[in-house]
Amino acid sequence: MKTIGLIAGGGQFPILFARAARQNGVKVVAVALKGEADELLESEVDVCSWVSLGKLGRMIETFQKAQVTEVAMAGAVAKTKLFSKIRPDWKAVRLLARMLHKKDDAILRAFTEELEAHGIKVRPSTLFLPELLATPGILTRRRPNARERRDINFGWNLAKEIGKLDIGQCILVRDQAVLAVEAIEGTDETIRRGGRLGKSEVVVVKVCKPNQDLRFDVPAVGLQTIKTMKEVGASVLVVEADRTLMFDREKMIQAADDARISILSRPADREKASELDGLMLELNQFEAEVGDSRNALLAVKPRITVNSSAPRMAVVGVGYLGQFHAEKYAALEETNLVAVADVEPSRARRMAEDFSCQACASHLDLIGKVDAASVVVPTQDHCQVARDLLEAGIHVLVEKPMTATLEEADSLVQLAKANNLVLQVGHLERFNPAVVAAREYVQQPLFVESHRLASFTERGTEVDVILDLMIHDIDIILSLVPFPLEDLRVGGAKILTPHTDIANVRLEFANGCIANVTASRISAKRMRKIRIFQPDSYLSLDYAEREVELFRKLPEKGADGFPEIEYQQLPVADTDPLEEQLRAFAESVRTGTKPMVSGEEGRKALEVATRVNELIQQQGGGDWELVSG
């Protein structure tokens, strides 16, 4: 191919196409549509003729004169101009007269057939620009939550069905209700219309119509799409992978990250789409323990901010969990990551390069360089590392469990108090947005039931399931039930490791509240749920899916004589627990206020977990007989 014709509409696509074609050594002869194409196009092509919309004969004549036998169509034409005062020539009049209706596909197909009848073949608009097509995956830092995933599946199927009617490519949904369907006004106006109805957290789905001819009609999104979504508070954009143009990709993703909008590029293939759905679910489940893990699993480049007035932070231990601490400190405006330390120098150097900070071989090298540090080393080393830092006047956030023994925990609490330093314990579930949303509704818990089940992995098996998993729920329950613990009844078993792998605990509090807690790391399916029963209400909380259901008993009675029940799904903020935890730690360091999870509270959870472990060991750790404590 030596020459390609270009029918140019509005936007940057025609200019990008022309540049790419000429970079490939192809001459470009453009027919630019007046009132649509950008005047800058003239400097990017070899020949440019300006033609009014409707002048089909002039267009064909221009290409034939330049001996063009192949053309591509790029750029937008406002559909509303079909109803404006255009002046079609006789070729266009005859073409329109043959058409039964004026749907998008019908007009474009008829136009293409007319060109090809004159020896001009239509080539794909992505001929020289395949990199503009959206690649499959979650393209942003934020990913869709459980409610949004349901809306995605609902909207996707509907959009495909609507596409069969050649109405539009875009649909807006919320809570599996249709807010808007794209008509002739275009995607941005559809988003505005549906966004006003949905108020916030609206899912925007834009697909390729089932019979769409991708030579000349490829769905497109860009920076303006995100800006429009931000205007109306929409939270997710779903596009079809490999069949959607993404203009200004990097700027678009950056703008989406800044606005906490998810962009999901979903494969058309159902099997691949199901794999992506499964990945999103897995990531949400992992996030309940380690915060936002997308950068590690999806290779998203970490964002780094520098605020010289923020506390100087460090991370000691940058293995699986520690790298997430480093990533968040580097990204948060409230913190300034200045160093990482690890016993493996190569790992410290790698993290330091990623986050533009100093690498240290020992936590002792941090002394005099930082104000605060996260301690994310093996549990048996928590006390020694944290003690060295506290003695040097460095505030400490230590991962859970805070120490291996109660004596070690007591020593850290006393040292932090004596030196007037912040000692925070990393009970991440306190910052889970579902827990935050539910907390204000917990007034008088009578019975609590908790299940934390995980499939087996080697990570964390140096301790038992009580200190690995159950301690999360112990801490949450102790924070929700502010009364002395009077009795413990336990059962547990060792299945795959030398330590307890599955355990059940019954906690009995002085106010009569009973909590039944189960934790397993050898289950086939993951589950992280807690249910709270009160005299007038029942709360069901899903840590992983970040959903909270509230059932409330009303004073009125129904016809059956039983109280009326009010159901409500509580709004849950879209926040990252690890970011919130580290942000709260930095705020305590800056202001000297008590941390959300103090050393005393971490010690209290450790005390209960230790007692549970002791009672299980007393019964041999292999049977399920109840033992009072």
Discussion item. Taking salt bridge (Lys or Arg N to Asp or Glu O under 4.0 Å) as the criterion, tell me which of R149, K529, R150 meets it with E547.
Written reply: R150

Worksheet entry | Pairwise side-chain contact, S265 with M246, heavy-atom cut-off 4.5 Å (strictly under) | no

Discussion item. Any salt bridge linking E607 with R603? Criterion: basic side-chain nitrogen under 4.0 Å from a carboxylate oxygen.
Written reply: yes

Item to complete: Work out which heavy atom in Y329 is nearest to a heavy atom in T335; give both atom names and the distance.
Response: O-OG1, 2.8 Å

Fill in: Side chain to side chain, F247 and V221, heavy atoms closer than 4.5 Å
no

Response to the item:
By ring pair (Phe, Tyr, Trp, His ring centres under 6.0 Å), Y538 pairs with (sequence neighbours left out) F533, F551

Worksheet entry | Test applied, side chain to side chain contact (heavy atoms under 4.5 Å, CB included); reference residue, V572; option that passes from V548, N145, D542, N432 | V548

Worksheet item: Between R192 and E189, is there a salt bridge with N-O shorter than 4.0 Å?
Response: yes

Practice prompt. Output all residues satisfying side-chain hydrogen bond (donor to acceptor under 3.5 Å, both in side chains) with N613, sequence neighbours left out; order by chain, then residue number.
Written response: D464, Q617

Practice prompt. Please lay out, stage by stage, how V173 and L179 fare under the test side-chain contact (heavy atoms from CB on, under 4.5 Å).
Written response: CA-CA 5 Å; V173 297; L179 301 173; 5.8 Å; no

Discussion item. Quick one, R266 and V239 - any side-chain contact, counting heavy atoms below 4.5 Å?
Written reply: no

Worksheet entry | Non-hydrogen side-chain atoms of L541 and I532 separated by less than 4.5 Å | no

Discussion item. Please determine whether a side-chain nitrogen of the Lys or Arg among K328 and D576 lies less than 4.0 Å from a carboxylate oxygen of the Asp or Glu.
Written reply: yes

Practice prompt. Could I get the full list of side-chain hydrogen bond (donor to acceptor under 3.5 Å, both in side chains) partners for E549, not counting sequence neighbours?
Written response: Y567

Discussion item. Any carboxylate oxygen within less than 4.0 angstrom of a Lys/Arg side-chain nitrogen, looking at R193 and E185?
Written reply: yes

Worksheet, complete the sentence: By side-chain hydrogen bond (donor to acceptor under 3.5 Å, both in side chains), D151 pairs with (sequence neighbours left out) R147

Fill in: Within-4.5 Å side-chain heavy-atom neighbours: W156 and V238
yes

Discussion item. Between L507 and V608, is there a side-chain heavy-atom distance shorter than 4.5 Å?
Written reply: yes

Worksheet item: Among all residues two or more places apart in sequence or in another chain, which pass the side-chain hydrogen bond (donor to acceptor under 3.5 Å, both in side chains) test with S520?
Response: S523

Discussion item. Using a 6.0 Å cut-off, check whether atom NZ of K160 has over 12 heavy atoms from anything other than its own residue.
Written reply: yes

Discussion item. Less than 4.5 Å apart, side chain to side chain, heavy atoms only: is that true for D536 and L554?
Written reply: no

Worksheet item: D354 versus Q323: any side-chain heavy-atom pair under 4.5 Å?
Response: no

Item to complete: List for me each residue that meets side chain to side chain contact (heavy atoms under 4.5 Å, CB included) alongside V436, sequence neighbours excluded, and say none if there are none.
Response: none

Worksheet item: salt bridge (Lys or Arg N to Asp or Glu O under 4.0 Å) with D473: which of K400, R528, R452, R430?
Response: R452

